[in-house]
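Each remark here refers to the structure printed beneath this line.
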Amino acid sequence: MSNSVLLGIGETKTMSATPTTTSHAAAESGARKGEPPQVSFDVFRVLRDDGTLDPATDPKLADEHVVDLYRSMVRTRVIDERLVVLQRQGRIGFHIGSLGEEATIIGSAAAARPQDWIFPCYREFGALLLRGMPLQRYVDNMFGNANDPVRGRQMPDHYTGRQYKFGSVSSPIGTQITQAVGFAWAAKMKKDDLATLTYFGEGATSSNEFHCGMNFAAVFKAPTIFLCRNNGWAISVPASKQSASDTFAEKAIAYGMRGVRCDGNDLFAVYATVRDAIARAAAGEGPTLVELLTYRLSGHSTSDDPKAYRKEQEVEGWKLKDPVVRMRAYLQKKGLWSEQKQAQVEEETDAALKACVKAAEETPAPSLESMFDDVFAEMPWHLREQRDELLKGPRAKGHH
Amino acid sequence: MREIRYREALREAIAEEMERDARVFIVGEEVGRYQGAYKVTEGLFDRFGAERVIDAPIAEAGFAGVGIGAAMVGLRPIVEFMTWNFSAVAFDQILSNAAKLRQMSGGQVSCPIVFRGPNGSARQVGAQHSQSMESFYAHVPGLKVVAPAFPRDAKGLLKTAIRDDDPVCFFECETLYNVLGEVPEPSEGELLVELGKAHVARAGTDVSLISWSRITHVALQAAELLAGEGISAEVVDLRSLRPLDEATLVASLAKTHRAVVAHEGWPYGGVGAEIVDRLQRLAFDELDAPILRVSGADFPMPYNAKLEQACLPQPQTIAEAARKVCYRG
């Protein structure tokens, strides 16, 4: 088994040239507890360069489903581009997007079962929309207005959607990882049939939380899928300066966990890999670390200008592998898509977004007194006093 | 009434709550097979099994985060820190996550979790193991902070903390674990002590000694010394640092008109400073003297036994401050 590569769809085949490092731990000492963790170093792919699917790995999604997922990718991109403009115009404070990483997010979220929870990093608004959060609520969050589901308390793109089984975005790097593990493990204790998907960038693999979360999940066989979006850059730090490992997937070996490398710009590959990882977790086989190879085409966030630290040439190279472009080529080749449909979805998204922005701008700020809610389950007397003081004082006047 | 140790009172609280509510579990270093670094969890592993008494890998940030995740899905975790000193490694999980999840999510997510363990000095455990961490946590909106001094309160407050829908930081003390105190038999009914309520541990009329956790016992010794000099000291045991029971403090001051706040932690910006601020605002007209503070020394704890004791509030130092506010001696 140590020579096998996992295809991500429950099928294994022997690799021909196998640069497998499991041999370090396994073959030589003979003292291992059991089978070595299975880590694939080949990049798992479905969508080939010629725009066709590899029949050996094709997850066999229905055409309408594929078209729907492509629409989600396009919508995500259009929203991303528009929100950057709004930030430049000073109408929203911040945006952090997923330009170039749409397949990693849409493909994985689509593969999740309805009962599975998502513990996001901060680029996964596409997954939240796919889960059913109305666009208006997402835009309300960008403005922090009275209709914002998190009541104007958080920065833009720091959403929570309990009804969509979507945990809170957390600014400190990696803190969602251990929480996703705890959530999954506790659910297992409660005998709830669910897995958790936690997203993070390759930069977060340097964090304390990555280590703790991977270790705990492996020891306790928590049904968690660790989705490492290796997008090449952690703000200005390239992946090569983040880790001396050749791959991020191989970090799974040391934890005794399964690790998979996957073409993150191939929606089919992401879908198949995550679906398989969830099936394994649900069957009690434990967690999987998935390295999704992709590229951050934009800056880290609207607060960042990547021209300061990376070459345009590199970006241009990755644009050739743009997941939206690749998907479109596939659909057009199959006769499932057209220029007209493309224009239509872009225009519809743009119009919907404009309407949402208009409504969000016209929505008042949350009430002053709402600031005191939700600090505790029940408001303690000292907060009631402070609230009443505020409402009597000068700050209450002139507040809309 | 029967007397049991502070440690046993905590254990009873945990066991009763685990018995009552299947959602309650405990996780931490050495809590299971080893029966707890300070034996608080002794016997629980055998009684409740490895699924509910969980020996965590050595990573405070890890099991704090795991606990928070478990609380989010509806369980009631008790996270034991081998000492609160090590909670610093998990501070971000408590500060930026547990304390804020309800607020940040607009009320969508709650985090019913108890973080607990020994706090403050033990005996000669040096700078990194002797810290009083409660002031850091009492600073944070969204957290509740308790530090009981007596076995009865330890049991009643821990049971209430486990049932609370918000994160509670529960501060114990290594040198309190063996302290004996009256605790009603479980057969006499549920012992629940409300969070946010102080308790007058000794009534008096001349000066209020305000304290919590281990230093309450030191303040009681100081009150005994003062009684020999004809000074009647009232000892107010705060029990909860957040929420803070202002009413009991003001009522005591209305009686004595003089106060000393005594605690083990550092003086700068601590809970003692907060209490002094509140009392001078809320009861200025009651005061006959400036309020004094007796705290731990303002530097890292030395190891040497003699130096260590010199750094900590003692009955004599608290009595001395009491004499000053009474303009005696």
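Below, read A as the first sequence line, B as the second, and so on, with proteins coming before strands; counting in each chain starts at 1.
Contacts between residues 121-135 of chain A and chain B, defined by a heavy-atom separation under 4.5 Å, are made by no residue at all. Using non-hydrogen atoms only and a strict 4.5 Å limit, the part of residues 19-26 of chain B facing chain A consists of B/Phe25.
No other option in B/Val27, B/Leu143, B/Ile58, B/Val89 has as many heavy-atom pairs under 4.5 Å with chain A as B/Leu143. Among A/Gln154, A/Met371, A/Arg151, the residue with the largest count of heavy-atom pairs under 4.5 Å with chain B is A/Gln154. Interface summary for chain B: among A/Ala180, A/Gly152, A/Pro172, the most heavy-atom pairs under 4.5 angstrom belong to A/Pro172. Among the candidates B/Ala59, B/Ala99, B/Pro57, the residue making the largest number of heavy-atom pairs closer than 4.5 Å to chain A is B/Pro57. For the set A/Met189, A/Gln176, A/Gln163, the count of heavy-atom pairs under 4.5 angstrom toward chain B peaks at A/Met189. When each of B/Lys100, B/Gln108, B/Glu51 is checked for heavy-atom pairs under 4.5 Å with chain A, B/Gln108 comes out on top.
For the pair A/Leu194 and A/Phe183, the minimum side-chain heavy-atom distance is below 4.5 Å.
Contacts of A/Thr175 with chain B are made by both backbone and side-chain atoms, with heavy-atom separations under 4.5 Å. Interface remark: B/Gln93 contributes side-chain atoms only to the contact with chain A (heavy atom separation under 4.5 Å). Proximity to chain A (any heavy atom under 4.5 Å) is shown, for B/Ser105, by both the backbone and the side chain. Residue B/Ile54 touches chain A through its side chain alone, counting heavy-atom pairs closer than 4.5 Å. Heavy-atom distances place the side chain of A/Phe119, and not its backbone, under 4.5 Å from chain B. In this structure, chain B has no heavy atom under 4.5 Å from any part of A/Trp117. Heavy-atom distances place both the backbone and the side chain of B/Lys144 under 4.5 Å from chain A.
In this structure, B/Arg33 places its CZ atom where only 12 or fewer heavy-atom neighbours from other residues, nucleotides or ligands lie under 6.0 Å away. Within 6.0 Å of NE2 on B/His139 lie no more than 12 heavy atoms contributed by other residues, nucleotides or ligands. Dense packing is recorded around CZ of B/Phe48, with more than 12 heavy atoms of other residues, nucleotides or ligands lying under 6.0 Å away. At most 12 non-hydrogen atoms from other residues, nucleotides or ligands lie less than 6.0 angstrom from OH of B/Tyr34.
To the nearest 0.5 Å, the span separating CG on B/Leu101 from CD1 on B/Ile68 amounts to 7.0 Å. One finds the CZ atom of A/Arg153 at 5.0 Å from the CD atom of B/Gln103 (value rounded to the nearest 0.5 Å). Note: B/Ile162 CD1 to B/Leu157 CG = 11.0 Å, rounded to the nearest 0.5 Å. Note that CG of B/Asp153 is 11.5 Å distant from CG of B/Leu238, once rounded to the nearest 0.5 Å. Atom-to-atom distance recorded for A/Glu209:CD and A/Met214:CE is 14.0 Å, nearest 0.5 angstrom. The CG atom of B/Asp164 sits 8.5 Å away from the CD atom of A/Glu378 when rounded to the nearest 0.5 Å.
With respect to B/Arg76 and B/Asp165, a salt bridge is recorded, a charged nitrogen being found less than 4.0 Å from a carboxylate O. A salt bridge links B/Glu17 with B/Lys159: at least one charged nitrogen is closer than 4.0 Å to a carboxylate oxygen.
No option in B/Phe81, B/Trp84, B/Phe115 other than B/Trp84 meets the ring pair (Phe, Tyr, Trp, His ring centres under 6.0 Å) test with B/Tyr137. Applying side chain to side chain donor-acceptor pair (under 3.5 Å) to B/Asn85 and the options B/Gln128, B/Gln131, B/His129 leaves one that passes, B/Gln131.
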One pair to check against salt bridge (Lys or Arg N to Asp or Glu O under 4.0 Å): B/Glu190 and B/Arg163. What are the steps and the verdict? CA-CA 13 Å; B/Glu190 290 275 18; B/Arg163 296 180 191 197; 3.1 Å; yes

